[in-house]
Amino acid sequence: MENRHNVTEFVLLGLTQDSEGQKVLFVPFLLIYIVTIVGNLLIMVTIMASPSLGSPMYFFLAYLSFIDAIYSTVIAPKMIVDLLYEKTTISFQACMTQVFLDHLFAGAEVILLVVMAYDRYVAICKPLHYLIIMNRRVCVLMLLVAWTGGFLHSLVQFFFIYQLPFCGPNVIDNFLCDMYPLLKLACTNTSLIGISMIANGGAICTVIFFILLVSYAVILRSLKTHGLEEKRKAFYTCASHITVVILFFVPCIFLYARANSTFPIDKFMTVVLTFITPMLNPLIYTLRNKEIKNAMRKLWSKNLTFAGGTLYCLCRT
């Protein structure tokens, strides 16, 4: 792939150019990142260590938590550290790597959310065949499809950006490298590439978002034939999924389903997509899910009891 740029680094303007404001934002964003990592790791460990959470739904939820933790890590650490400096830069290669990884994990999450919607459809609408349809082989295959789809999406986006000539200026009015800010810096006409990016990103997100909303509407409508307890459990599960879908897809559609342009609100939407959504996902799933909360209590109370007993024995000796 021919490299036709003479820009070796980009200047990131960040969330604000006020140095005092940057330092004020450091602590809350650091806390958000810590909560994101701890929350998602807690879900992953709980699901992997709890035999009662062996259903396909929790298998996919564990991988969703993994993706959220890594996805946030691609963006958050550098952005948080940058808040301590007045001028921040990112090398060209690091910028391209960030673009690739950002869209890799975001693309994988899009497909995984579709898979989770299908899992809920089978569980609620075809409960007697659930374990047959959603067997371990099918679950692994669906997970591979999610990663493959995310990789192909990211590869296309990366190809569009990397082959553009960057001659200067090199200032990005954001806290990360992303598609449209980079398109504005390219010293060539990017109209057709912008349309291609919409087709590969925003249009796909928009179509999938409406398909997911319709699928959950079908699932909720099918609950008429279920008992009261089954209705309540299914409703809370679907409500959690729908909330996560809205939190992820609304910013995604706003940022990528439009012409090659940028708006001041883009920074806020990017914060929602890269910071807020990965942080809220574990909270949404645990607050409305009794099985996960019970498994967490059993697992961590058992570990605390074991740790307390070990400490007591050490003190006696």
Side-chain angles (χ1 to χ4, degrees), residues 3-38 40 67-107 154 157-158 160-188 190 193-194 197 201 251-252 254-256 260-279:
N3 188 355
R4 298 180 291 150
H5 62 84
N6 58 15
V7 170
T8 59
E9 66 178 16
F10 295 99
V11 177
L12 300 174
L13 296 184
L15 286 174
T16 176
Q17 297 177 51
D18 179 9
S19 58
E20 292 301 320
Q22 285 184 316
K23 291 179 174 59
V24 170
L25 293 172
F26 174 80
V27 173
F29 275 96
L30 178 61
L31 290 176
I32 289 173
Y33 178 62
I34 292 172
V35 170
T36 299
I37 297 301
V38 172
N40 283 293
I67 289 175
D68 279 335
I70 302 300
Y71 178 50
S72 180
T73 301
V74 170
I75 308 297
K78 176 169 175 53
M79 182 270 201
I80 293 169
V81 171
D82 285 350
L83 289 172
L84 299 176
Y85 299 92
E86 291 187 12
K87 182 180 179 181
T88 58
T89 61
I90 183 170
S91 70
F92 181 87
Q93 297 301 330
C95 180
M96 295 299 108
T97 301
Q98 191 178 71
V99 168
F100 181 81
L101 294 177
D102 181 7
H103 287 270
L104 168 64
F105 292 108
S154 181
Q157 300 292 74
F158 176 80
F160 283 144
I161 285 295
Y162 192 84
Q163 55 88 31
L164 290 174
F166 293 96
C167 313
N170 65 336
V171 178
I172 298 176
D173 188 13
N174 212 321
F175 59 87
L176 80 168
C177 288
D178 205 2
M179 312 303 294
Y180 290 136
L182 286 171
L183 284 181
K184 290 181 65 177
L185 299 181
C187 48
T188 186
T190 60
I193 293 179
M197 287 183 176
C252 181
F254 180 86
L255 290 170
Y256 301 110
N260 182 9
S261 57
T262 57
F263 301 103
I265 197 175
D266 286 356
K267 292 182 183 181
F268 171 76
M269 287 296 185
T270 306
V271 166
V272 173
L273 190 61
T274 57
F275 278 87
I276 306 302
T277 300
M279 178 189 70

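Quantities reported herein were computed from a predicted structural model and do not represent experimental measurements.
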How many angstroms lie between atom [atom1] of [X] and atom [atom2] of [Y], to the nearest 0.5 angstrom?
| X | Y | atom1 | atom2 | answer |
| --- | --- | --- | --- | --- |
| I265 | T270 | CD1 | OG1 | 10.0 Å |
| L104 | T97 | CG | OG1 | 12.0 Å |
| Q93 | E9 | CD | CD | 13.0 Å |
| D178 | I75 | CG | CD1 | 8.0 Å |
| Y180 | I161 | OH | CD1 | 10.0 Å |
| F268 | L15 | CZ | CG | 11.5 Å |

Sequence-distant partners of T89, side chain to side chain donor-acceptor pair (under 3.5 Å), two or more places apart: none
Inter- and intrachain pairs under side chain to side chain donor-acceptor pair (under 3.5 Å), touching residues 69-82, at least two apart: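 Checked against side chain to side chain donor-acceptor pair (under 3.5 Å) - neighbours excluded - the pairs reaching residues 69-82 are Y33-T73, Y71-D102, K78-D82.
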With a 4.5 Å cut-off on side-chain heavy atoms, are [Y] and [X] touching?
| X | Y | answer |
| --- | --- | --- |
| L182 | C95 | yes |
| L176 | L12 | no |
| Y256 | M179 | yes |

Set of side chain to side chain contact (heavy atoms under 4.5 Å, CB included) partners for A69, sequence neighbours left out: I37, N40
Partners passing side chain to side chain contact (heavy atoms under 4.5 Å, CB included) against M279 (at least two apart in sequence or in another chain):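 Per chain and number, M279 pairs via side chain to side chain contact (heavy atoms under 4.5 Å, CB included) with I32, V35, T36.
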Residues that D173 engages under salt bridge (charged side-chain N to carboxylate O under 4.0 Å, His left out), provided they are two or more places apart: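 So D173 forms a salt bridge (charged side-chain N to carboxylate O under 4.0 Å, His left out) with K267.
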Parallel, tilted or perpendicular: ring planes of F275 versus F175, cut at 30 and 60 degrees: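 Taking F175 first and then F275, their aromatic rings stand perpendicular (interplane angle over 60°).
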Geometric class of the Y162/F92 ring pair [parallel <30°, tilted 30-60°, perpendicular >60°]: tilted
T190 side chain vs I193 backbone, donor-acceptor pair below 3.5 Å: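 Judged by distance alone, no pair lies under 3.5 Å.
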Name every donor-acceptor pair, under 3.5 Å, that has one atom in a side chain of residues 18-27 and the other anywhere in the protein, sequence neighbours excluded.
from	atom 1	to	atom 2	distance (Å)
D18	OD1	E20	N	3.3
Q22	NE2	T16	O	3.3

